[in-house]
Amino acid sequence: MKSYDVVGIGAYCIDFLAVVDEYPSEDQKHEVREMFMEGGGNAATGCVTVARLGGRVAYHGAIAMDFLTEQVLDGFRKEGVNTEWIEMKEGATPFSFIIINRSANTRTIMFRKKGVSPFNKDDVNEELIRNTEVLFIDFYHPEASLKASEIASENGVPVVLDAESIPRLADEIIENVSHLISSRDFAIRYTGLSEDAEDEGLLEELIVKVKCEVVGITLGERGCIFYDRNSDKIVRQDAFKVDVLDTTGAGDVFHGAFSFFLAKRYPLADIVRFSSACASLSCRKIGGRAGIPSYDELISFLDSTV
């Protein structure tokens with residue numbers, strides 16, 4: 001039995017969230033309805049999702065030593081995310097200011113990542129990567145993601161990639177990825193297709209561009225679409241209907257849930273369905289983590305939709 005279901009490498013941050021009745025005009029004062037602060041970041045929130053579902057998970061990265069350090073670490077520890085593979089380094093904690101517009105159901109994100117502590121290829125622990133069921137990465141630290149994905153690929157460990165941007169080393173990293181989960185924006189830029197490309201056509205072009213075993217595109221409120229190269233089948237999943245308060249972190253929750261259920265060897269159609277439900281349920285509360293369901297909450301919700 002391997003030590004972890006999932007090891008995550010990538011973005012972490014602290015989110016400051018403000019809820020407003022309408023988006024403020026420029027150069028004006030605007031009263032907020034509510035204010036929140038919580039941990040965020042693609043890989044970090046994905047790891048929290050795995051833990052909330054009952055998985056054994058570790059975050060592997062570098063955390064800055066500043067006034068936000070304890071909030072970052074406490075956010076992991078209270079959820080049961082293992083922190084022994086985190087290295088403390090000089091630098092600044094990345095953070096985001098998020099304005100949630102209740103009238104339009106939108107959120108606007110402003111972020112800072114200047115001075116973030118580097119997590120380099122030499123910081124990656126090979127033994128840790130070999131002893132996880134699934135490696136979950138994003139593009140936040142390209143050199144580390146490349147090194148970790150190479151180790152995982154060489155040792156038969158599935159690699160799940162959250163693909164949002166196209167950094168340097170993107171092509172090299174994708175060569176080692178077994179399960180590529182792309183935002184629609186990433187797929188458009190990576191394939192070169194136009195903004196009005198149909199979802200199916202975009203997926204078909206992405207399948208040609210990469211050789212990953214499973215390729216998917218998340219589509220927000222329209223759900224997601226995946227292709228399984230082994231079975232030559234497409235899996236489509238609509239988004240689940242919930243009372244949406246905030247969509248912050250929904251994609252991160254999807255990726256974390258996907259990694260967890262992949263580690264548990266569920267069929268792709270079930271992985272996609274369960275991950276979509278987790279992402280939808282996370283939108284019921286303000287912030288990227290508050291609404292993440294437990295495994296029992298997830299199953300109860302799915303049973304209610306039958």
Item to complete: Could you please spell out the steps behind the ring-ring contact (aromatic ring centres under 6.0 Å, His included) verdict for Phe119 and His60?
Response: CA-CA 9 Å; Phe119 188 59; His60 189 27; 5.0 Å; yes

Worksheet entry | Nearest-0.5 Å distance that lies between atom CZ in Phe301 and atom OG in Ser280 |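 If we round to the nearest 0.5 Å, Phe301:CZ and Ser280:OG are 6.0 Å apart.
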
Does this structure show an ion pair linking [X] with [Y], if we count only N-O contacts that are shorter than 4.0 Å?
X      : Y      : result
Arg236 : Asp199 : no
Glu204 : Lys209 : no
Glu143 : Arg168 : yes
Arg102 : Asp21  : no
Arg289 : Asp252 : no
Arg130 : Glu127 : yes
Glu133 : Arg265 : yes

Side chain of [X], backbone of [Y]: donor and acceptor closer than 3.5 Å?
X      : Y      : result
Arg52  : Ile292 : yes
Arg222 : Ala239 : no
Ser294 : Glu297 : yes
Ser282 : Gly291 : no

Item to complete: Starting from the C-alpha separation in whole Å, work towards a yes-or-no answer on ring-ring contact (aromatic ring centres under 6.0 Å, His included) for Phe111 and Phe95.
Response: CA-CA 6 Å; Phe111 63 90; Phe95 59 81; 10.0 Å; no

Worksheet item: Are a donor atom and an acceptor atom from the side chains of Asp171 and Tyr190 found within less than 3.5 Å of each other?
Response: yes

Discussion item. For Asn101 and Glu22, which I'm curious about, is there any donor-acceptor pair between the side chains at under 3.5 Å?
Written reply: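 Note: Asn101 and Glu22 side chains miss the donor-acceptor criterion.
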
Discussion item. Can you confirm whether more than 12 heavy atoms, excluding those of Lys2, are under 6.0 Å from its NZ atom?
Written reply: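 Yes.
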
Worksheet item: For atom CD of Glu221, is the number of surrounding heavy atoms from other residues, nucleotides or ligands below 6.0 Å larger than 12?
Response: no

Fill in: Parallel, tilted or perpendicular: ring planes of Phe136 versus His255, cut at 30 and 60 degrees
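Rings of Phe136 and His255: tilted, as their planes differ by 30° to 60°.
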
Fill in: salt bridge (Lys or Arg N to Asp or Glu O under 4.0 Å) between Lys233 and Asp228, worked out
CA-CA 5 Å; Lys233 290 183 179 179; Asp228 185 342; over 6 Å; no

Worksheet item: Do Tyr140 and Val72 share a hydrophobic cluster, counting only Ile, Leu, Val, Met, Phe, Trp and Tyr and linking them when any side-chain heavy atoms are less than 4.5 Å apart?
Response: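 No, Tyr140 does not connect to Val72 through the hydrophobic network.
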
